[in-house]
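Okay, structure first, notes after.
Bear in mind the structure is a predicted one, so any value in this text is a computation, not a measurement. All heavy atoms count here, side chains included; hydrogens, waters and symmetry mates do not.
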Amino acid sequence: MEENQKSEPKIDKITGAMMIAVAVLFDIANAGINLIPVLGQILAVLISIVGYCTFTLWFWKRGIGFVNPKRTATFFGSGIIEAIPVLNILPAITLGVFLTVSMVQLEDRTGIKLPEKV
């Protein structure tokens with residue numbers, strides 16, 4: 001007797017909420033440190049790099065790769081905003097994480113996978 005069992009989602013609602021909350025903390029730290037002239041802007045870029053490394057590892061540990069061009073553009077595209085000194089006060093890390101989590105959850109719910117780069 002086989003039961004129709006759904007596979008476990010890569011990112012459940014609680015994990016997704018935790019990821020977004022951590023992204024918000026990185027963005028708050030970025031905005032606060034960015035208020036310090038010159039040195040703060042350099043440190044804000046370093047905080048962004050640590051944030052993107054953290055989330056890249058977190059996504060990778062959840063089985064989510066960035067071979068997919070749309071997922072890569074969504075997540076790392078927000079990094080362009082974080083690399084620009086004055087614009088990095090915007091919550092780009094949160095936006096990138098939110099969009100990536102939403103995309104993965106949508107893929108899990110619908111079963112439709114975005115095509116990967118060949």
Please output the side-chain donor-acceptor pairs of residues 55-67 that fall under 3.5 Å, not counting sequence neighbours, one pair per line with the distance.
unit_1: T56; atom_1: OG1; unit_2: Y52; atom_2: O; d: 2.7
unit_1: R62; atom_1: NE; unit_2: K10; atom_2: O; d: 2.9
unit_1: R62; atom_1: NH2; unit_2: K10; atom_2: O; d: 2.9

Side chain proximity check, C53 to I49, heavy atoms < 4.5 angstrom: yes
Closest heavy-atom pair and its distance - M103, K70: CE-O, 4.2 Å
In one Ile/Leu/Val/Met/Phe/Trp/Tyr side-chain cluster, 4.5 Å: V22, L46: yes
Heavy-atom side-chain contact between I47 and I33 under 4.5 Å: yes
4.5 Å side-chain heavy-atom contact, M18 and K13: no
Donor-acceptor pair between S48 and N88 side chains, under 3.5 angstrom: no
I84-F75 co-clustered via ILVMFWY side chain contacts under 4.5 Å: no
Residues 37-45, side-chain donor-acceptor partners within the protein, below 3.5 Å, at least two apart:
none

Spatial distance of atom OG (S102) from atom CZ (R109) [nearest 0.5 Å]: 8.5 Å
Side-chain atoms of residues 89-101: list all donor-acceptor pairs with protein atoms under 3.5 Å, sequence neighbours left out, distances to 0.1 Å.
unit_1: T94; atom_1: OG1; unit_2: A23; atom_2: O; d: 3.3
unit_1: T94; atom_1: OG1; unit_2: V24; atom_2: N; d: 3.4
unit_1: T94; atom_1: OG1; unit_2: D27; atom_2: OD2; d: 2.5
unit_1: T100; atom_1: OG1; unit_2: G96; atom_2: O; d: 2.8

Separation between CZ of F26 and CD of E82, rounded to the nearest 0.5 Å: 11.0 Å
Hphob cluster co-occupancy, L87 + L35, side-chain heavy atoms under 4.5 angstrom: no
